[in-house]
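Proteins get letters first, then strands, A, B, ... in listed order; numbering begins at 1 in each. Just the heavy atoms: all of them, side chains too, but no hydrogens, waters or symmetry mates, feed the values below. The shown structure was predicted, so the numbers you read here are calculated from the model rather than taken from an experiment.
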Number of protein chains: 2
Amino acid sequence: MTSQRLAIYRYLIGTDSHPTADDIYQALQKQFPTMSPATVYKTLELLVDMGLITELGFGDSANRYDGNPGLHLNLICVHCNGIADLDEPLLARLAEQAAAAAQFEIMRGRHEFYGLCASCRKELERSASQSPSRQTAG
Amino acid sequence: MTSQRLAIYRYLIGTDSHPTADDIYQALQKQFPTMSPATVYKTLELLVDMGLITELGFGDSANRYDGNPGLHLNLICVHCNGIADLDEPLLARLAEQAAAAAQFEIMRGRHEFYGLCASCRKELERSASQSPSRQTAG
DNA sequence: TTGTATGCAAATTGTTTGCATACCC
DNA sequence: GGGTATGCAAACAATTTGCATACAA
């Protein structure tokens, strides 16, 4: 266990921003100016394998990482790209039922809803009322 | 709407194998020998945007696509990499609760459990009993 | 001292882009 | 006939790899 690994892990559990590997790399530049991206990637893989963190993969961009390894929902805003965690008791029951129904042995899960967060929703409503693009024009 | 697009869409809704873009490209080689990977990617993006298919993104390998656009679980076997769909009524309730709890407007979701499918589980149990790696060796 | 994590840079892979031609409507 | 999807190949970006050195135990 090295100080780089510890720092990466600490950074992840200390933030709720769900950073990308590069975000982490950037953030730790001050602390470890010589640290390479490869180290970040290797460490993240290690932590995922150990079950200490969760990987949130997106097809079209960089992976993001979640310091919370437990079963929870991720609410991902398609407008601001923010990710909020939400603990939802129903998830545990969902896991039970799925395991029973399919004889599946669950090791971990990933649960994401994509949509609009509260603040983006408000923002969009506001701008929509300011410029009503195509009301049945007169 | 072109025949390539139709073929890609048809292939996706006609299979439960959750193929990668390249799988689709390979599978349609006989039908469209001149089709390029770019066409597959462009079409998949289009279909995702239209809400007709779902993208299952993985950080460490190629994205896979799901012809089933509805709310359902994906049970992903970490041993054979198989993906099974599972309709689970609880998911709808989960979505409602999450939306209410976080004032979040859900557009779509992605729900994955990682673990061992039934057949891999049996297979592993069998091989484990054949070579009991480290029983209290007495 | 011994094993292993680091850091570097190049390689790999999945995916996207720009543009001319062919095709659908 | 007009617009647009296709196909090609090059560009791109995220991630992984190999290997010598530095570090932790």
(message) Please tell me if A:N63 has a side-chain N or O lying less than 4.0 Å from either OP1 or OP2 of D:dA14.
(response) no
(message) With a 4.0 Å limit, can you tell me whether A:R5 has a side-chain N or O closer than that to the phosphate oxygens OP1/OP2 of D:dA24?
(response) no
(message) At less than 4.0 Å, is any side-chain N or O atom of B:T2 found next to OP1 or OP2 of D:dT6? Yes or no.
(response) yes
(message) Between P on C:dT6 and CG on A:L6, what's the gap in Å once rounded to a whole number?
(response) 11 Å
(request) List in numerical order all residues of residues 25-50 of chain A for which some heavy atom is under 4.0 Å away from an atom belonging to DNA chain D. (result) A:A38, A:Y41, A:K42
(message) Is the ring pair B:H111/A:F113 parallel, tilted or perpendicular, if the boundaries are 30 and 60 degrees?
(response) perpendicular
(request) To the nearest Å, give me how far apart CD1 (B:I8) and P (D:dA5) are. (result) 13 Å
(request) Check A:D85, A:I83, A:L86 against A:L75 for a side-chain contact (heavy atoms from CB on, under 4.5 Å) and give me the one that passes. (result) A:L86
(message) Quick check on DNA chain C: between B:S3 and B:Y65, whose nearest nucleotide comes earlier from the 5' end?
(response) B:Y65
(request) State, yes or no, whether a side-chain contact exists between A:V40 and A:L28 at a heavy-atom distance under 4.5 Å. (result) no
(request) Provide, to the nearest angstrom, the distance between the CD1 atom belonging to B:I24 and the P atom belonging to C:dG14. (result) 14 Å
(request) Please state whether the phosphate of D:dG7, meaning OP1 or OP2, lies under 4.0 angstrom from any side-chain nitrogen or oxygen of B:Q4. (result) yes
(message) Which residue is it: A:N68, A:D66, A:T54? I am looking for the one with a side-chain hydrogen bond (donor to acceptor under 3.5 Å, both in side chains) to A:N74.
(response) A:D66
(message) Using 0.5 Å steps for rounding, measure from the CD1 atom of B:I76 to the CD atom of B:E112.
(response) 4.0 Å
(message) From CG of A:D22 over to P of D:dT16, roughly how many Å is that when rounded to an integer?
(response) 14 Å
(message) With a 4.5 Å cut-off on side-chain heavy-atom distances among I, L, V, M, F, W and Y, is there a chain of contacts connecting B:V48 to B:I13?
(response) yes
